[in-house]
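A, B, ... follow the sequence lines: proteins, then strands. Residue 1 opens every chain. FYI, side chains are in, hydrogens and waters are out, and symmetry mates aren't considered; it's all heavy atoms of this structure.
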There are 4 protein chains.
Amino acid sequence: MLEAAKAVFITSGVDAPAKEIADLAGVGVGTLYRHFPQRSDLVKAVFQREVDACVAAGPALSANHAPGTALTEWIDRYTEFLATKRGLATALHSGDPALEALPAYFMERVGPTLGALLDAAAASGEIRADVTPRDLLLAVAGLCAPVDHEGAAFSRRMVAFLMDGLRYGAVPPEPRG
Amino acid sequence: MLEAAKAVFITSGVDAPAKEIADLAGVGVGTLYRHFPQRSDLVKAVFQREVDACVAAGPALSANHAPGTALTEWIDRYTEFLATKRGLATALHSGDPALEALPAYFMERVGPTLGALLDAAAASGEIRADVTPRDLLLAVAGLCAPVDHEGAAFSRRMVAFLMDGLRYGAVPPEPRG
Amino acid sequence: MLEAAKAVFITSGVDAPAKEIADLAGVGVGTLYRHFPQRSDLVKAVFQREVDACVAAGPALSANHAPGTALTEWIDRYTEFLATKRGLATALHSGDPALEALPAYFMERVGPTLGALLDAAAASGEIRADVTPRDLLLAVAGLCAPVDHEGAAFSRRMVAFLMDGLRYGAVPPEPRG
Amino acid sequence: MLEAAKAVFITSGVDAPAKEIADLAGVGVGTLYRHFPQRSDLVKAVFQREVDACVAAGPALSANHAPGTALTEWIDRYTEFLATKRGLATALHSGDPALEALPAYFMERVGPTLGALLDAAAASGEIRADVTPRDLLLAVAGLCAPVDHEGAAFSRRMVAFLMDGLRYGAVPPEPRG
DNA sequence: CATGAATGAGCCTTCATTCAT
DNA sequence: GATGAATGAAGGCTCATTCAT
């Protein structure tokens with residue numbers, strides 16, 4: 001059912017008719033409403049599942065790579081995640097009052113993960129220090145949104161440019177005396 | 001009537017009820033349909049008006065500024081344009097078949113203007129040379145999309161990072177022998 | 001359209017599907033909703049038309065009959081009115097929050113008419129003085145409600161008993177010295 | 001379960017969702033349907049329980065009071081019964097074909113009880129003789145229906161008026177030679 | 001040409017009812 | 001026998017779109 005919802009969200013957007021989701025999942029609409037009384041409950045559930053994997057990747061990366069590389073790799077993964085889950089990105093800003101809590105939930109969950117990677121990379125002087133996780137999360141999401149006809153390659157290229165932009169303003173650490 | 005449509009598109013999105021637009025314009029819905037039989041006709045018309053102003057700004061800037069500055073300023077203006085006309089950006093990728101032609105039209109109109117600015121800036125070695133107008137146009141549009149709660153300031157900041165990214169990979173011109 | 005609504009209210013109750021009314025009236029549901037956005041608007045409109053005739057009968061009766069007779073005749077007419085418009089009587093107490101304002105409206109309209117008749121009859125000593133218009137209006141409505149299988153004859157007979165009850169406790173006016 | 005049904009019928013009417021009743025009774029809906037396959041079965045069951053108590057009160061009253069007093073007291077009790085069991089009264093005339101048999105059952109059960117009281121009171125000349133149990137049962141039920149906002153006090157007062165009406169036309173018994 | 005009333009398709013949502021566990 | 005998840009029919013309501021005036 002979550003699978004069905006995800007699929008429909010991608011193809012028809014978050015505002016797709018409930019029936020479409022129910023049909024694809026092979027259940028009645030009633031069942032859908034029983035499990036997810038609010039539309040946002042469904043979106044949130046789909047979101048959560050996807051987001052968790054993203055969050056989980058953080059620690060492993062920072063343990064096995066240099067700060068800058070870890071950050072880049074994580075962003076790559078996040079890009080992949082967004083580029084594949086088209087439609088969910090826009091759900092973050094749908095304006096639907098029932099979905100208003102979603103971005104906050106998302107930030108709360110993913111923010112710390114990215115925050116750790118950013119801090120480490122900034123501390124090692126590889127990127128500028130004045131970027132918040134929120135900034136990057138939203139910006140990358142935006143860069144992945146237009147991908148309809150461009151494909152993931154476009155997204156990756158644009159994100160790479162953005163990351164370069166963070167390096168451009170980096171402040172190298174003081175050389176030790 | 002175009003004014004009304006623009007206003008409604010901004011506040012209620014491109015899918016807003018036709019009546020809302022007609023009311024704001026002070027006309028009947030019939031009149032709206034007479035002039036714009038298809039919803040996309042209206043979107044297109046609004047778009048064109050906005051786009052034209054954007055295009056017009058190009059020559060003046062390149063005539064009065066150094067290439068890099070001209071580019072930055074134009075992008076600033078474009079950012080402003082997008083940040084203000086919220087909702088139209090997403091219309092570019094709405095999936096509605098009737099609107100499918102819009103991005104192409106947009107590229108065709110604005111592409112050359114930005115292309116000239118990019119070429120000049122690349123030739124002077126201020127930015128990398130492997131960025132197409134399409135790349136930048138879409139990327140900036142993406143960066144402006146999430147702005148709901150962030151405001152134009154966020155957009156401008158992210159766009160600045162992206163532009164820094166272009167500088168990061170710049171190749172200085174060969175010094176002439 | 002009001003005719004259709006009245007007919008459906010009588011046969012299927014005030015909670016009848018909107019479509020049923022629309023079909024009978026030969027219009028689309030949209031038309032119904034345009035004219036009567038709230039269900040209660042429709043009920044009220046039907047009510048109003050019927051009630052007005054009732055109200056209008058008051059002055060004529062009190063001008064041409066003795067107080068007690070005028071009252072009895074008016075109640076007869078009201079009984080007739082209710083007995084015919086079955087279903088509307090129950091609407092006065094449907095519990096539907098949207099219809100909650102209806103009884104108040106009804107009382108406001110009919111109350112004064114009956115009030116005048118009651119006062120006159122009480123002043124002449126023909127009936128007891130401690131009955132309010134509201135009392136009688138509701139009581140008679142109640143007596144007319146069960147009529148499904150009894151028919152108007154039953155209603156009239158019961159109302160007559162009730163009116164007798166008012167006479168039973170009457171206080172004759174002081175004989176003048 | 002009958003208790004729960006009664007409670008819900010009072011607060012939410014006879015058309016209340018089955019789930020509401022099941023929840024209040026602390027059972028699953030399935031259990032409800034097992035015991036009462038038809039909605040009317042449930043209504044009937046609730047009815048019967050209540051009605052039986054009413055019937056039982058008759059003999060005791062006529063044994064311990066004068067005919068007129070016994071009648072008045074029983075009607076008081078019946079009024080109480082109806083005023084408390086709001087919603088059931090209207091169910092008697094809901095139009096639902098499955099409930100059509102209910103009024104007949106009710107009359108059959110309660111009719112004789114009230115009949116005995118009426119006959120006694122008429123024989124003693126306290127009330128008129130041309131009132132049937134059915135008349136009074138329905139009339140009192142009607143007078144108790146509007147009680148939503150009036151409360152039981154209103155019902156009692158109106159019923160008292162009606163009883164006065166019966167006294168108004170009473171024929172005193174011939175004095176014995 | 002402008003108008004806005006009328007239409008009805010389509011989506012949301014609620015529940016009565018069934019049935020596998 | 002009890003349970004409650006699943007089902008889908010039914011009704012409310014909202015517009016997009018047409019067309020008589």
Handout entry: Euclidean distance, atom CZ of residue B:F36 to atom P of F:dT17 [Å, nearest integer]
Key = 15 Å

Exercise for the section: Evaluate the side-chain proximity of B:M1 to B:K6: yes if any heavy-atom separation is below 4.5 Å, no if none is. Expected result: no

Problem - Any C:V29 side-chain heavy atom under 4.5 Å of C:D23 side chain - result: no

Handout entry: Dot-bracket notation for DNA chain E, counting Watson-Crick and G-U pairs under 3.5 Å, with | for partners on another strand
Key = .||||||||||||||||||||

Exercise for the section: Check DNA chain E against residues 19-27 of chain C and give the residues with a non-hydrogen atom under 4.0 Å, in numerical order. Expected result: C:G26, C:V27

Exercise for the section: Check for a donor-acceptor pair, side chain of A:T11 on one end and backbone N or O of A:V8 on the other, with a separation under 3.5 Å. Expected result: yes

Handout entry: Side chain proximity check, D:D15 to C:D15, heavy atoms < 4.5 angstrom
Key = no

Problem - Heavy-atom side-chain proximity of B:D52 to B:R109 below 4.5 angstrom - result: yes

Practice task
Check whether any side-chain heavy atom of A:L138 lies under 4.5 Å from a side-chain heavy atom of A:M107, and answer yes or no.
Solution key: yes

Problem - Nucleotide F:dG4, atom P - distance to CZ of A:R34 in whole Å - result: 10 Å

Problem - A:Q38 CD - E:dC12 P separation (whole Å) - result: 13 Å

Practice task
Give the nucleotide from the list E:dC12, E:dA16, F:dG12 with an atom nearest to the side chain of A:A18.
Solution key: E:dC12

Completion exercise
Between D:T31 and B:D15, whichever has its closest DNA chain F nucleotide further toward 5' is D:T31

Handout entry: Over all atoms of both residues, closest heavy-atom pair of A:A18 and A:L32
Key = O-CD2, 3.5 Å

Practice task
Mind calculating the distance between CG (A:L42) and P (E:dC12) to the nearest angstrom?
Solution key: 12 Å

Fill in the blank from the handout: DNA chain E nearest-nucleotide lookup for D:P17 and C:G30: closer to the 5′ end is C:G30

Fill in the blank from the handout: A:Y33 has its side chain closest, among E:dA5, E:dA2, E:dT14, to E:dT14

Exercise for the section: Answer yes or no: is there a side-chain heavy-atom contact under 4.5 Å between D:K44 and D:Q38? Expected result: no

Handout entry: Whichever of D:P37 and B:L32 has its nearest DNA chain E nucleotide further upstream toward 5'
Key = B:L32

Problem - Residue pair D:F36 / D:L2, side-chain heavy-atom distance below 4.5 Å - result: yes

Fill in the blank from the handout: Of F:dC13, F:dT7, E:dA6, the nucleotide closest to the side chain of C:H35 is E:dA6

